[in-house]
Amino acid sequence: MKKKAEWPRKLRSQEWYGGTSRDVIYHRGWLKNQGYPHDLFDGRPVIGILNTWSDMTPCNGHLRELAEKVKAGVWEAGGFPLEVPVFSASENTFRPTAMMYRNLAALAVEEAIRGQPMDGCVLLVGCDKTTPSLIMGAASCDLPSIVVTGGPMLNGYFRGERVGSGTHLWKFSEMVKAGEMTQAEFLEAEASMSRSSGTCNTMGTASTMASMAEALGMALSGNAAIPGVDSRRKVMAQLTGRRIVQMVKDDLKPSDIMTKEAFENAIRTNAAIGGSTNAVIHLLAMAGRVGIDLTLDDWDRCGRDVPTIVNLMPSGKYLMEEFFYAGGLPVVLKRLGEAGLLHKDALTVSGESIWDEVKDVVNWNEDVILPAEKALTQSGGIVVVRGNLAPKGAVLKPSAASPHLMVHRGRAVVFEDIDDYKAKINDDSLDIDETCVMVMKNCGPKGYPGMAEVGNMGLPPKVLKKGITDMVRISDARMSGTAYGTVVLHTSPEAAVGGPLAVVKNGDFIELDVPNRRLHLDISEEELARRLAEWKPQHDLPTSGYAWLHQQHVEGADTGADLDFLKGCRGNAVGRDSH
């Protein structure tokens with residue numbers, strides 16, 4: 001365990017608030033216009049509550065209330081809480097995609113911390129990109145930081161059936177296209193999808209990233225699954241406020257917690273929960289911020305033999321509410337530890353090891369958190385496939401895929417981009433059947449731009465009407481963690497930079513062999529080389545603004561799609577005073 005720092009000592013915030021100089025009086029005097037007494041500036045920890053609340057981020061719409069509970073905890077522990085609004089990239093509002101703004105949000109958070117008098121940070125997050133972006137920004141500054149999430153929505157129900165946010169949107173949409181559901185019924189179902197505050201109630205990306213934060217040790221034990229409207233979510237927020245004050249006193253920082261072992265714990269946890277493929281790209285980026293050498297090979301190595309034991313949509317049948325009642329993520333971590341799949345000594349924000357946090361928990365529902373012998377799939381980790389179509393790798397989520405398609409060879413039906421797909425997919429003259437492989441290009445980090453969640457392409461109506469619900473789909477895009485299907489994603493290098501995906505043609509045959517981790521375009525090496533030599537970019541590039549910055553500096557999905565000048569740049573978080 002990390003040795004605790006000496007206390008009391010002079011903290012970073014005293015560079016702004018301690019003493020009697022003109023500059024100090026400038027900083028301190030202005031803040032006093034909020035009614036703060038002079039003795040609050042006596043050297044106690046100043047805690048920045050970085051809040052991603054926004055009316056346009058519905059998942060985080062209740063975080064203002066949670067922030068008050070965090071403040072209460074900070075006050076109780078003898079700290080000085082100051083709430084700071086930060087960039088909130090909403091998954092369900094931002095265009096062209098929230099992923100394009102994850103790095104901008106991380107950069108904004110980093111500078112919010114670096115430029116202001118914080119000794120420690122509470123990262124108040126929820127919606128998909130807010131969790132990784134705030135962790136990335138905090139990791140770059142490396143001040144004591146702790147995550148508290150807003151929690152998932154309550155279960156949805158429609159005509160007696162559980163409705164999983166996102167998962168049933170895709171399902172019902174396909175049913176409408178197949179003629180199995182009317183548009184009026186679809187609109188009726190809409191009212192049941194989001195019936196309380198909170199993030200997706202499936203094991204989508206928001207719940208996955210909440211689980212990743214807890215598995216990394218960056219959140220208090222039990223944080224991930226508490227529903228957003230449950231009173232225990234407020235208790236968790238208040239306890240988090242208390243804990244960050246002691247973390248500052250102990251100087252317990254992200255770099256102490258986010259070690260290679262912690263990331264391996266998170267990868268195995270993602271396999272066990274049937275977590276989102278988006279966790280791959282976010283954990284790679286987060287690791288880059290603390291200088292940890294994490295690669296796609298680590299994902300395949302650590303996840304390969306981990307069974308998926310959490311029976312939640314989209315892989316299973318339950319939702320986050322039941323997961324919480326069953327015992328939540330601590331039960332999963334205990335199972336991993338018992339199976340020898342957990343680095344038990346990994347440090348957490350509690351100051352204790354991850355094993356000490358979970359060793360005594362109880363599983364209250366073995367139909368929700370399954371025994372290993374009843375796992376949804378015995379090898380649930382994210383699969384990394386490579387070959388001449390994906391030299392730097394592509395990913396697939398086996399727990400959400402169809403077993404009969406895990407080894408498949410089919411004729412390519414190619415869409416040059418998302419607009420081409422939308423223009424063609426509903427045309428009955430499209431030359432496609434269920435044996436084909438759907439291929440979509442130019443939807444990667446540079447290509448969309450931003451790498452939108454369009455990889456789970458809806459099937460053509462004429463295939464759906466046969467009762468077929470899955471086909472092999474390949475792209476350089478992402479997909480929602482709530483989605484399902486035999487979908488190969490994050491194909492790298494992406495088409496927009498001239499990766500092999502860019503030169504796939506209609507009629508080419510493609511082989512997917514998941515057991516042997518192979519993705520192959522069945523053309524000769526000479527033909528592939530000729531096509532690549534003749535390839536030219538197809539899209540106009542942005543010329544100004546953040547879109548230009550993103551296009552110029554975003555890296556590939558295989559390394560986390562961070563901006564190249566931000567990786568491994570952890571350093572001094574104290575800004576210079578210019579007054």
Residues 376-390, side-chain donor-acceptor partners within the protein, below 3.5 Å, at least two apart:
unit_1, atom_1, unit_2, atom_2, d
Q378, NE2, A372, O, 2.9
S379, OG, R304, O, 2.2
R386, NH1, D297, OD1, 3.0
N388, OD1, H520, ND1, 3.3
N388, OD1, L521, N, 2.7
N388, ND2, L521, O, 2.9

Using atom types as modelled, flag every donor-acceptor pair under 3.5 Å from a side chain in residues 394-403 to any protein atom, sequence neighbours excluded.
unit_1, atom_1, unit_2, atom_2, d
K397, NZ, G274, O, 2.9
K397, NZ, G275, O, 3.4
S399, OG, S315, OG, 2.9
S402, OG, D470, OD2, 2.5

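Sorted by first then second residue, the salt bridge (Lys or Arg N to Asp or Glu O under 4.0 Å) pairs that include residues 188-216, not counting sequence neighbours, are R159-E188. The list of ring pair (Phe, Tyr, Trp, His ring centres under 6.0 Å) pairs with a residue in residues 164-183, not counting sequence neighbours, reads F158-F172, H168-F172. For residues 379-418, the pairs satisfying ring pair (Phe, Tyr, Trp, His ring centres under 6.0 Å) are F415-Y421, with sequence neighbours left out. Pairs engaging residues 473-515 under the ring pair (Phe, Tyr, Trp, His ring centres under 6.0 Å) rule: none recorded [sequence neighbours left out].
Applying the salt bridge (Lys or Arg N to Asp or Glu O under 4.0 Å) test to E494 and every residue at least two apart in sequence or in another chain returns nothing. H553 pairs by the ring pair (Phe, Tyr, Trp, His ring centres under 6.0 Å) definition with F565, not counting sequence neighbours. Considering only residues two or more places apart in sequence or on other chains, D298 meets the side chain to side chain contact (heavy atoms under 4.5 Å, CB included) condition with K260, I267, L294, T295, R301. The salt bridge (Lys or Arg N to Asp or Glu O under 4.0 Å) check on D508 picks up R531, with sequence neighbours excluded. With sequence neighbours left out, Y325 forms a side-chain hydrogen bond (donor to acceptor under 3.5 Å, both in side chains) with E321. R335 is linked by a salt bridge (Lys or Arg N to Asp or Glu O under 4.0 Å) to E366, counting only residues two or more places apart in sequence or in another chain.
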